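Here's the structure, in structure tokens; my notes come after.
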Amino acid sequence: VQVSASPLWNDDGSFAGSMGICVDITERKRYEESLSALNIYSRKLNSAKSMGEIYELTLDAAEEVLGFEFADILIVKGKMLCLATTRGSSRISSLKLPLDGGKGITVRAARTGKPVFVPDVSKEKAYVEGGLETRSELAVPIKIGHRVLGVLNVESRKLDAFDEKDQELLETLASHAATAISNLDRAESLETYAREIRESQKKFERLFLNNPEAAVYTDSNFHILDINPRFAKLFGYSLEEVRGKHINSVVVPKD
């Protein structure tokens, strides 16, 4: 409870009493605590080593921090929105919805890039039955900038079960998940690039060492960095003797 009080004075300046205002801030405190807990989960998400780990951590946060019993993550794959993982009671194990179709509250969130709250799914033509006695649904996009990566979706067996705070918290969690997915994609791309570079270097090394002709590897100023076995045999130098020397001084020495 937040309390504020002010004194009341008589005309003669004597104390007459006080007036106080008490405000119930339970929900505000719960909201602040949820934000703090989501911040902890964001650090865990950014340490995840796989998409599966990101999905599980996101649903853990939805359940344990935000209190959503039924939650799904759907990911954009080409022109389809595909169910990646789900949390709650028995549901369909796979789901693919066309992004240009009219079915799916989650599709609407993915297509518009905006949250979609349906207080009563029985009045929503786009609702797709998922094996629950769902009465209300809230879907928020998982996005980086304007690019939608997927949708974080929660459902309830109660009508009008979600409010503005629920939406804000779910959007915060979706934002953390999007950052983690983007960072993992970037890390995987860098690892792929590094692997290609290593493979290219190994290929160059094999070609260099196995070349039947004398070959020398120099820097931009033609100072020797490496020689192949044929070069060593033909010119009679070991790598230790010529490393750092100008190529001309070795191939055509002054004497």
Side-chain angles (χ1 to χ4, degrees), residues 23-35 37-38 41 54-77 79-144 146-178 181:
V23 180
D24 185 347
I25 60 169
T26 303
E27 290 304 315
R28 191 178 83 188
K29 292 292 289 184
R30 185 177 292 121
Y31 178 76
E32 291 172 352
E33 289 167 359
S34 296
L35 282 177
L38 288 180
Y41 263 96
I54 290 174
Y55 298 157
E56 287 304 307
L57 284 169
T58 301
L59 294 189
D60 285 347
E63 180 181 11
E64 298 169 10
V65 177
L66 306 184
F68 299 137
E69 185 178 1
F70 309 112
D72 312 306
I73 293 177
L74 298 96
I75 296 297
V76 173
K77 294 183 179 180
K79 296 182 179 180
M80 304 294 288
L81 185 63
C82 304
L83 181 66
T85 187
T86 183
R87 179 71 58 85
S89 63
S90 178
R91 297 173 56 96
I92 52 177
S93 58
S94 63
L95 179 67
K96 293 183 179 181
L97 299 170
L99 288 170
D100 57 358
K103 284 294 184 179
I105 294 168
T106 52
V107 167
R108 189 184 305 166
R111 195 162 53 217
T112 63
K114 297 179 180 179
V116 178
F117 171 47
V118 179
D120 185 354
V121 297
S122 66
K123 299 178 181 179
E124 177 57 62
K125 293 181 179 180
Y127 174 68
V128 175
E129 176 63 40
L132 289 171
E133 297 176 0
T134 299
R135 303 297 299 279
S136 56
E137 184 172 352
L138 172 62
V140 301
I142 300 172
K143 62 180 184 177
I144 293 291
H146 297 293
R147 180 190 170 208
V148 176
L149 307 177
V151 175
L152 178 56
N153 183 66
V154 294
E155 300 178 31
S156 175
R157 291 192 173 112
K158 298 179 181 180
L159 286 172
D160 201 12
F162 309 108
D163 58 22
E164 185 178 337
K165 293 297 184 185
D166 290 326
Q167 179 177 312
E168 290 177 0
L169 289 170
L170 198 63
E171 285 184 279
T172 299
L173 177 56
S175 177
H176 290 324
I181 292 171

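This structure is a prediction, so every number in the text was calculated from the model and none was measured.
With hydrogens and angles disregarded, no donor-acceptor distance shorter than 3.5 Å links the side chain of Arg87 to the backbone of Ile73. Using modelled atom types, one side-chain atom of Ser136 and one backbone atom of Lys158 make a donor-acceptor pair closer than 3.5 Å. A donor-acceptor contact shorter than 3.5 Å is absent between the side chain of Lys77 and the backbone of Cys82.
How far NZ of Lys143 is from CD of Glu171: 8.0 Å, rounded to the nearest 0.5 Å. Within the model, atoms CG of Asp100 and CE of Met80 stand 8.5 Å from one another, a figure rounded to the nearest 0.5 Å. The distance from the CD1 atom of Ile75 to the CG atom of Leu149 is 7.0 Å, given to the nearest 0.5 Å. Rounding to the nearest 0.5 angstrom, the gap separating the CG atom in Leu57 from the CD atom in Glu64 is 9.5 Å. To the nearest 0.5 Å, the span separating OH on Tyr31 from OG1 on Thr172 amounts to 5.5 Å. Rounding to the nearest 0.5 Å gives a distance of 9.5 Å between CG of Leu173 and OH of Tyr41.
Of all non-hydrogen atoms in Asp163 and Asp166, the two that sit nearest each other are OD1-N, 2.8 Å. Here the closest non-hydrogen pair linking Ala177 and Ile54 is O-CG2, 4.3 Å. Nearest heavy-atom pair across Leu152 and Ala174 is CD2-N, 4.1 Å. For Leu99 against Ala110, the heavy-atom pair with the smallest separation is CD2-CB, 3.9 Å. Nearest approach of Gly101 to Val107, heavy atoms of both residues: O-CG1, 4.1 Å. Taking each heavy atom of Pro115 and Val140 in turn, the nearest pair found is CB-CG1, 3.9 Å.
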Evaluate side chain to side chain contact (heavy atoms under 4.5 Å, CB included) for Phe70 paired with Thr134, printing each intermediate quantity in order.
CA-CA 9 Å; Phe70 309 112; Thr134 299; over 6 Å; no
Any chance you could lay out the side chain to side chain contact (heavy atoms under 4.5 Å, CB included) test for Thr106 and Glu137, step after step, and finish with the verdict?
CA-CA 9 Å; Thr106 52; Glu137 184 172 352; 4.1 Å; yes
Please lay out, stage by stage, how Val118 and Tyr127 fare under the test side chain to side chain contact (heavy atoms under 4.5 Å, CB included).
CA-CA 9 Å; Val118 179; Tyr127 174 68; over 6 Å; no
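Here Arg30 does not pair with Glu33 in a salt bridge; the nearest charged N to carboxylate O distance is not below 4.0 Å.
With contacts defined as side-chain heavy-atom distances shorter than 4.5 Å, the pair Leu59/Asp72 does not qualify. Thr85 places a side-chain heavy atom less than 4.5 Å from the side chain of Glu56.
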